[in-house]
Protein chains: 2
Amino acid sequence: MSADVAARRGIPDASVARLPGYLQALTNFAERGIGSVSSEELATAAGVSSAKLRKDLSHLGSYGVRGVGYEVDRLSYEISTALGLTQDWPVAIIGMGNLGRALAAYSGFATRGFNVIAVLDRDADLVGAAVGEHRIRPMGDLGALVRDDRLAIGVIATPADSAQEVADHLVSAGVRSILNFAPCVLDVPDDVMVRKVDMSTELQILAFHEQRRTGELDLSAQSTVEGVAL
Amino acid sequence: MSADVAARRGIPDASVARLPGYLQALTNFAERGIGSVSSEELATAAGVSSAKLRKDLSHLGSYGVRGVGYEVDRLSYEISTALGLTQDWPVAIIGMGNLGRALAAYSGFATRGFNVIAVLDRDADLVGAAVGEHRIRPMGDLGALVRDDRLAIGVIATPADSAQEVADHLVSAGVRSILNFAPCVLDVPDDVMVRKVDMSTELQILAFHEQRRTGELDLSAQSTVEGVAL
DNA sequence: GCGACTTTGTGCATGGCTTCACAAGTGCGT
DNA sequence: ACGCACTTGTGAAGCCATGCACAAAGTCGC
């Protein structure tokens, strides 16, 4: 068991970031009634190379069978355990604008080990309004949610200018994992983990490649010789 | 100019992924009336190390002044140019569920170089309905949007089970940059770039670290000796 | 049983990214 | 004019992740 923990401690971040993808692919296989997959099949379904997949899985332990592959149910369980999804994590969403409401209505949480236990907003005028099955609660409720309902993960869906304030609130209430949808950098203590989701950033990265592509096409008149591929 | 392009070609992906963050931080500085920043200040605002920032910027060219720092406006312009944001990119959002509507209503696009020119849905019953300033259009309009309005970027906001179908439609219409919000892997030709945004994945990564943290706390009773930090 | 075949798990080499450390260049005060 | 304080840009070193190639280990057919 201590070996278990020791193994888990050493999983590289890059591997951890891919585990959810494997889990999702495995769920698809299970739904299609497939009981066993090779690293090649699973890797293709998850969009990675089979060597990478095997190395990633080797960090969890040795759950495959040589010559055969991986049992879908078993591997799903092991990855779920590694990710800490054997329990349901209570999540609170803060900021009930368009995005917050969309997130609150998103059904994908429940099937993936998360449970939205509360939605909150800083705006007193919104408090009490219904959002799906929830009623919007005031920020002051955060402390009770952490204490009584073991809230551990906060989702910030506010505009950028109030995100830091909300983050401070979450941190002082004891939340140490934050998913930030606001397009800004949050300043939090070292022991608080923040992950950011920003569609503008993603679009800008796409724009870079799109522009580079069209830029090269313009130049192709004078030199088609340079490798355009890749 | 060819040196310019050559320089731009060589920007590492990791650097490109950080440029939007720098641009955003610079915009903040500009709004606060700050005309000049050091790499240290900008790096802190963007949440990276100053060495990394300087190396990233060095890939664009030499736009700083030793002993002084970077002029905010100038650097903003250079990064915008590198990212291809001097023009506005036409974007279409496909899938008008909760998420699609939230994205369509998101005001952050316009200020960051993107312009939602159309929203679409596969469901014929939804076609024609109003979403903000837009009316939902049928998938068949994609070809015309690419041809007449230079649509280059598609945003998939459908459930996972129709994402691949939508992606195929986008690709055959000529779109080569896709932002995918559906929790699945898309199979597209090599010259099509897909970036994925998946909040479930992000939450699962947070859960991993949260679980590891609490797991170690549980064990701390028997052995506080092992380095708990980091 | 046994040999042929399949697939995992992993040591090793490779490449890319990050960090360090410092020379080169700039402004300022005197 | 000159030295001092400051900051950029960049070679060099170290680190992490990826890809390769193969031995180990299992199945299947006979």
Side-chain angles (χ1 to χ4, degrees), chain A residues 3-4 6-19 21-22 25-26 29 34-76 78-79 82 205 208 230, chain B residues 3-4 6-19 21-22 25-26 29 34-76 78-79 82 205 208 230:
Chain A
D4 213 354
R8 216 168 283 160
R9 270 185 57 147
I11 307 179
D13 287 346
S15 287
V16 173
R18 284 187 291 266
L19 292 181
Y22 303 152
L26 285 167
F29 280 117
I34 297 169
S36 174
V37 290
S38 68
S39 64
E40 192 64 45
E41 293 168 318
L42 183 55
T44 302
V48 301
S49 73
S50 63
K52 205 188 284 189
L53 171 78
R54 288 201 300 277
K55 185 145 293 197
D56 285 344
L57 295 184
S58 75
H59 291 121
L60 306 182
S62 192
Y63 300 122
V65 179
R66 293 171 193 234
V68 178
Y70 301 90
E71 192 197 342
V72 171
D73 290 344
R74 174 75 193 285
L75 191 55
S76 289
E78 295 298 344
I79 294 179
I205 295 169
F208 168 83
L230 264 195
Chain B
D4 211 9
R8 216 169 281 158
R9 269 186 57 148
I11 306 179
D13 287 346
S15 287
V16 173
R18 284 187 292 266
L19 292 181
Y22 303 153
L26 284 168
F29 280 116
I34 296 170
S36 173
V37 288
S38 69
S39 64
E40 192 63 44
E41 292 168 319
L42 183 55
T44 302
V48 301
S49 73
S50 64
K52 205 187 282 188
L53 171 77
R54 288 200 300 277
K55 183 139 293 199
D56 285 344
L57 294 185
S58 75
H59 291 120
L60 306 183
S62 192
Y63 301 121
V65 179
R66 293 171 193 237
V68 179
Y70 301 89
E71 192 197 342
V72 172
D73 290 343
R74 174 74 194 286
L75 191 55
S76 289
E78 295 297 344
I79 294 179
I205 296 170
F208 169 82
L230 264 196

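We name chains A, B, ... by the order of the sequence lines, and we start the count at 1 in each one. None of these values were measured; they are calculated from a predicted model.
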Would you mind reading off the distance between [X] atom [atom1] and [N] atom [atom2], rounded to a whole angstrom?
X      : N       : atom1 : atom2 : result
L53(A) : dT10(C) : CG    : P     : 14 Å
R54(B) : dT19(C) : CZ    : P     : 12 Å
L57(A) : dT8(C)  : CG    : P     : 9 Å
K52(A) : dT8(C)  : NZ    : P     : 17 Å
L60(B) : dT10(D) : CG    : C1'   : 15 Å

Close side-chain approach of L26(B) to V37(B), heavy-atom, < 4.5 Å:
yes
Measuring only between side-chain heavy atoms, which start at C-beta, is S36(A) closer than 4.5 Å to V72(A)? no
For [N], does either OP1 or OP2 sit under 4.0 Å from a side-chain N or O belonging to [X]?
X      : N       : result
Y70(A) : dG9(C)  : yes
S39(A) : dT8(C)  : yes
S49(A) : dG19(D) : yes

Walking DNA chain C from its 5' end, the first of G69(A) and K55(A) to be reached, judged by nearest nucleotide, is G69(A)
R18(B) has its side chain closest, among dA17(D), dT18(C), dT8(C), to dT18(C)
Closest to the side chain of S58(B), out of dC20(C), dA21(D), dG9(D), is dG9(D)
Inset, instruction - In sequence, state the C-alpha distance, the side-chain angles, and the governing distance for L57(A) and Y70(A), and then conclude on side chain to side chain contact (heavy atoms under 4.5 Å, CB included). - result: CA-CA 10 Å; L57(A) 295 184; Y70(A) 301 90; 3.7 Å; yes
Residues at least two apart in sequence or cross-chain that pass side-chain contact (heavy atoms from CB on, under 4.5 Å) with R74(B), listed by chain then number, are Y63(B), E71(B), E78(B)
Polar side-chain atom of S15(B) near backbone of I11(B) as donor-acceptor pair, under 3.5 Å:
no
Listing, residues 43-50 of chain B side-chain donor-acceptor contacts under 3.5 Å, not counting sequence neighbours, or none:
| residue | atom | partner | partner atom | Å |
| --- | --- | --- | --- | --- |
| T44(B) | OG1 | E40(B) | O | 2.9 |
| S49(B) | OG | K52(B) | N | 3.2 |
| S50(B) | OG | E40(B) | OE1 | 3.2 |

Where do N or O atoms of nucleotides 23-29 of chain D meet protein N or O atoms at under 3.5 Å, pair by pair?
| residue | atom | partner | partner atom | Å |
| --- | --- | --- | --- | --- |
| dA24(D) | N3 | R66(A) | NH1 | 2.8 |

